[in-house]
Novice: 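Next up is a structure, given as structure tokens.
Labels below follow one simple rule: chain letters A, B, ... track the order of the sequence lines, proteins then strands, and each chain is numbered from 1. Computation of the quantities below employed the complete heavy-atom set of this structure, encompassing side-chain atoms and omitting hydrogens, waters and symmetry-equivalent molecules.
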2 protein chains.
Amino acid sequence: MVPPARPTLEAVAQRAGVSRATVSRVVNGSPRVAEEIQRRVRRAVEELGYVPNQAARSLVTQRTGSIALVFSEEANRVFSDDQVFPGIIRGVSQELEAADRQLVLMMAHSPAGHERIQRYATGGHVDGVLIASMHGVEPLPATLQRRGIPVVCGGRSLDRANRSPYVDVDHAGGVGAAVRRLLDTGRRRIATIAGPQDMVAGIDRLAAYRAALRDSDRRSIVAVGDFTRDSGVVAMRQLLADDPDLDAVFVASDLMAHGALRTLRDAGRRVPDDVAVIGFDDIELARFTEPPLTTVRQPVLDIGRRMAGQVLRIIDGQTVEPALVLDTELVVRQSG
Amino acid sequence: MVPPARPTLEAVAQRAGVSRATVSRVVNGSPRVAEEIQRRVRRAVEELGYVPNQAARSLVTQRTGSIALVFSEEANRVFSDDQVFPGIIRGVSQELEAADRQLVLMMAHSPAGHERIQRYATGGHVDGVLIASMHGVEPLPATLQRRGIPVVCGGRSLDRANRSPYVDVDHAGGVGAAVRRLLDTGRRRIATIAGPQDMVAGIDRLAAYRAALRDSDRRSIVAVGDFTRDSGVVAMRQLLADDPDLDAVFVASDLMAHGALRTLRDAGRRVPDDVAVIGFDDIELARFTEPPLTTVRQPVLDIGRRMAGQVLRIIDGQTVEPALVLDTELVVRQSG
DNA sequence: GTGAAAGCGCTAACAG
DNA sequence: CTGTTAGCGCTTTCAC
């Protein structure tokens, strides 16, 4: 069956007995069109099932109505059971929906992926780009911005050349509260499982842990993971080997904390009696671990909302804060 | 700062001292261009940082190079820690990447969302659409197909009017194996926590459970959830109230099974000694529950791959199987 | 208030 | 092998 040729403006105009310009005005809601004609046009649109061709439209308007959210990450990380990404996506989604913009989600794990995203954005598929979960020095934000494409980053960028605004959370505040609690409850050997050291979240949380211990007489005990559950399992084993007497561990993400819990159980340590565990993120899972996880909550939904808000503002030619830092909060449950 | 006006074909042509057509040929990799000229053009492209305007291109080619994957679902369901969606996304991703197509992800939970997706697709933003996680009678597939847009569904559609091809898994086979195992290990009162009854996965798995019990002398004991963890908690409580003596439960998703495990523990039941539990999906979490979950594995990656493969084939004008049903497999761990 | 006409940036015949 | 030409479907001045 032949795909039914989609009706064009022309077709609608003919049917309604008006010019293309008039149809265009009605479709785009211009106020200066006579009631009577509006009705005629709308009816024709209805009958023909007319839908504007976006390519043609954005060729002249230079606008697409969609915004890309790109995760510089493998799909299985973005969609691991780490609720952080989803939260951001939902926040962006909400904000964009309210602004009647379409969200376009993309992932770029490989250099080739980055290349394609860049072509996609530079090719004019979207009006703006949100970039999250960056690793190391990501050239993408700076590149896009140089091309005149509005960009907002999720998390401070490691690329000094990147001058695009970003939205981040107060890692230092959250980690500080966590470590302070461990200190206050009398823990003496406080270790940490850090996140990947090519990501701001990993770097900043480790730095904050170190800073918090510096003020006490405790020494730091560090293992590095990559925010996955399996890496938490492995890191916890290392920690136990390094210092069998440790009695607390701050874990830079709940997912890694879940892995650590498993290792501790396997090693016969009771949580929190023998070892206190505090995570970071407050994902849904944290309420279902054994025991439920004390953790640092970050407002992921807000991160998304704010990011979307910022691009929208840039697109509208308004100025924006170069950095937005959102609060975190310690949520105490049974594990520490 | 003024956004640096993006160079056009014209600009490149001028710089290289050739016509627009020639530049177009080089950019699109047409073979019939002299080496020498190719070099000149490429250099000009490089120097100017030229990137083709997609709107202009697809206006004439009627192609966009991107494929939409839409989840008829709220974002927090798609990105819950249910690894099923991610698996599909990764599969689609892989296949599309290989075909040099761009994946565009979309979510549509509300009628308004559906409307927007429809406009987006009908407006010519994408060459084809994959639809997954459908609830009830989704009109979207049929509507798009009527518009001549290639569509492939993930899971059989409940809409009789929908004639688009689909990819699904063998629910009956998987559930059958699970219930049979429960029977073979001597369980006498085998309950089930079913998935939502407006989704094929929910419906088919419940039907398969019933069919499997029909051949034995056991009666069916049913509670219905919605694939979320919390609903698993609640459903398990109902089941326990209905029949305190039940000694096995087949749960239609691992996430619900996780919730059920929590309820069983709270109720003082030992798993699998008192109650055997078998889930469905085999998400990563299944290896980390207490005890690890026996479950039915479905090849989510393949679902995605096949879906993508199918649209690509339709777009190329080839014929496709109306239905592809993939195998499932029982994975035995400690819980049942 | 409405129509005519120009043109967004590109590809695809068709000549040469 | 390369250039010329004609649109793709739409928005937007500019007249009327």
Novice: List in chain and number order the residues that pass side-chain hydrogen bond (donor to acceptor under 3.5 Å, both in side chains) with A:Ser30, two or more places apart in sequence or in another chain; answer none if no residue qualifies.
Specialist: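 Result, side-chain hydrogen bond (donor to acceptor under 3.5 Å, both in side chains) vs A:Ser30: none returned.
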Novice: Apply side-chain hydrogen bond (donor to acceptor under 3.5 Å, both in side chains) to A:Arg163 and list each qualifying residue two or more places apart in sequence or on a separate chain.
Specialist: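 So A:Arg163 forms no side-chain hydrogen bond (donor to acceptor under 3.5 Å, both in side chains) with any residue.
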Novice: Do the rings of B:Phe85 and B:Phe71 sit parallel, tilted or perpendicular, given the 30° and 60° boundaries?
Specialist: perpendicular
Novice: Could I get the full list of side-chain hydrogen bond (donor to acceptor under 3.5 Å, both in side chains) partners for A:Asn162, not counting sequence neighbours?
Specialist: A:Ser157, A:Ser164
Novice: Just wondering, more than 12 heavy atoms not from B:Gln318 lying within 6.0 Å of its CD?
Specialist: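 Yes, the 6.0 Å shell around CD holds more than 12 heavy atoms from other groups.
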Novice: So if I define the base as every atom that isn't primed, P, OP1 or OP2, how would nucleotides 3-11 of chain D read as a B/S/- string at a heavy-atom cutoff under 4.0 Å?
Specialist: BB-B-BBBB
Novice: For A:Gln310, give me all partners under side-chain hydrogen bond (donor to acceptor under 3.5 Å, both in side chains), at least two apart in sequence or on another chain.
Specialist: A:Arg313
Novice: Check this for me: A:Glu36, atom CD, are more than 12 non-hydrogen atoms of other residues, nucleotides or ligands nearer than 6.0 Å?
Specialist: yes
Novice: Between the two end axes of the helix from C:dG1-D:dC16 to C:dG16-D:dC1, each built from 5 base pairs, what angle do you get to the nearest 10°?
Specialist: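 Rounded value for the end-axis angle: 30°.
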